[in-house]
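Working notes for the structure below.
So that the names make sense, note that chain A is the first sequence line, chain B the second, and so on, each numbered from 1. What you see is a predicted model, and the numbers here were worked out from it, not measured in a lab.
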Protein chains: 2
Amino acid sequence: MSDERPEPGTVRPGGRTAKVREAVLRAAGDALAEDGFDRLDLAEIARRAGVGKTTVYRRWGTVPGLVADLLTEMAEESLPRTETGTLLGDLTAQARLVQSTLSDTRQGPLFKALITAAACDRQTADALHRFYRIRTEEWAPCVTAAIERGEVPEGTDPAEVIRAVSAPLYYRLLIGGDPIDRAAADRAALAAATAARAGAFAVRTANG
Amino acid sequence: MSDERPEPGTVRPGGRTAKVREAVLRAAGDALAEDGFDRLDLAEIARRAGVGKTTVYRRWGTVPGLVADLLTEMAEESLPRTETGTLLGDLTAQARLVQSTLSDTRQGPLFKALITAAACDRQTADALHRFYRIRTEEWAPCVTAAIERGEVPEGTDPAEVIRAVSAPLYYRLLIGGDPIDRAAADRAALAAATAARAGAFAVRTANG
DNA sequence: CCTTTAACGCAACTGGAGTCCCGTTATGAG
DNA sequence: CTCATAACGGGACTCCAGTTGCGTTAAAGG
């Protein structure tokens with residue numbers, strides 16, 4: 001009633017173990033982008049990665065478990081952020097980055113599959129939330145700067161503005177099915193910037 | 001090389017066939033809401049519906065196929081729309097309706113599962129797009145009315161405004177994981193109304 | 001009411017995703 | 001360098017989602 005054995009791969013994370021993880025996560029990303037979440041077969045991923053299927057089942061167990069690990073990996077690599085000097089400029093840059101990611105032949109289906117996996121499994125959902133919380137925090141400073149410039153009212157929630165830019169694009173990816181083009185990105189950025197300047201994302205303090 | 005046989009259930013759609021469809025779709029909705037898309041078993045649905053599993057496999061074949069039919073059914077039942085006289089009022093009513101749906105114990109998981117299924121299957125995705133196109137068109141008149149009142153610039157795309165209201169709430173459901181509360185709904189409606197009044201959803205005509 | 005056959009239901013069957021056993025490799029400590 | 005064992009790999013095995021065959025029930029037409 002004591003031996004909680006450590007996760008495989010944590011005790012001896014030397015060369016081979018790390019190479020296996022890298023190869024499997026890479027193969028998982030490829031397979032997710034090509035086939036989607038539901039058609040995923042761990043044996044197929046093992047084959048792609050040049051690894052025994054027993055290894056994949058032992059270390060990750062299930063498809064959602066593997067996806068969760070992939071998301072943790074993805075959360076660690078960071079993207080450079082642009083600084084244009086205006087809120088609209090910064091938000092447009094963000095929207096276009098999201099747009100080019102979601103309309104990319106590999107990344108679009110991959111993100112769709114990641115979100116799908118998260119909808120099916122709690123652990124994966126937590127990993128996804130962490131991933132987007134990090135991304136949101138990376139972009140938040142451009143709103144903070146706008147507040148300091150006086151472009152946007154005090155009390156505005158930066159994260160809420162950032163999410164407002166992305167949301168319409170993800171809506172298209174997952175629900176509406178409409179094309180995710182540059183016009184859609186620019187419109188999302190403009191709408192978010194306009195609403196932010198008007199104070200739509202400010203906390204409702206007692207103001208007369 | 002000729003006999004394209006008709007879809008089962010279309011030739012003789014009398015009492016029994018209709019009852020079976022109703023019971024199966026009902027059971028499918030329950031199972032989706034409770035277990036989610038990936039844990040779905042057609043045999044389990046057959047058991048719940050009090051129907052032979054062969055019947056379910058023969059008429060719908062796969063889980064996405066069944067979900068697509070469920071979406072078609074759901075698209076036919078319509079929701080009443082409120083008219084408050086102002087764009088913000090109408091959009092707030094819409095946002096709160098979406099909010100109460102997505103935070104409902106049954107409907108929230110159900111919609112998450114429906115969107116997940118659509119992400120995995122083309123036929124289901126088409127059904128989902130039709131469903132939301134219909135819902136969007138049902139709400140669009142409140143934007144059209146705002147244009148006629150002069151509250152919103154000419155050339156504003158009504159559907160785009162409606163989607164802008166829903167998008168942040170679906171983003172929370174599927175991606176961010178933040179709670180879908182009334183404050184979020186009201187903020188989404190306020191942001192969309194503000195952006196719409198400022199012309200953020202108007203087509204970019206040649207204006208100096 | 002009688003006939004035809006679409007659609008259903010039961011039960012046996014199948015294939016492949018996921019598990020288990022055990023021998024092999026190579027990491028990290030002394 | 002040597003040893004103990006974490007981690008990997010191949011292959012046999014299990015179990016159940018999905019298929020198939022065939023007899024039964026009940027729409028639809030006359």
Legend entry - Rounded interatomic separation in angstrom, taking NZ from A:Lys53 and C1' from C:dT19: 8 Å
Legend entry - Integer-rounded Å distance: C:dA6 P and B:Arg58 CZ: 12 Å
Legend entry - Donor-acceptor contact below 3.5 Å, side chain A:Thr116 vs main chain A:Phe37: no
Inset, instruction - Name the residue closer to the 5' end of DNA chain C, choosing between A:Val63 and B:Gly52 according to the nucleotide with the nearest heavy atom. - result: B:Gly52
Legend entry - B:Glu160/B:Arg163 salt bridge by N-O under 4.0 Å criterion: yes
Legend entry - Side-chain N or O of A:Thr55 closer than 4.0 Å to phosphate OP1/OP2 of D:dG9: yes
Legend entry - C:dC10 base / B:Thr54 side chain donor-acceptor hit below 3.5 Å: yes
Inset, instruction - Decide whether B:Tyr132 and B:Tyr170 meet the rule of one side-chain donor and one side-chain acceptor closer than 3.5 Å. - result: yes
Inset, instruction - Determine, for B:Arg81 against B:Asp90, whether the closest basic-nitrogen to carboxylate-oxygen distance falls under 4.0 angstrom. - result: no
Inset, instruction - Would you kindly give the CZ-to-C1' distance between B:Arg16 and D:dT25, to the nearest whole Å? - result: 5 Å
Legend entry - Basic-acidic side-chain contact under 4.0 Å: A:Arg106, A:Asp30: yes
Legend entry - Atom-to-atom span, NZ of B:Lys19 to P of C:dA7 - whole angstrom: 17 Å
Inset, instruction - Taking only heavy atoms on the protein side, list every residue of residues 25-51 of chain A lying under 4.0 Å from any atom of DNA chain C, sorted numerically. - result: A:Asp41
Inset, instruction - Round to the nearest Å and state the distance from B:Tyr57 atom OH to C:dA7 atom C1'. - result: 18 Å
Legend entry - Test: B:Glu73 and B:Arg26 ion pair at under 4.0 Å: no
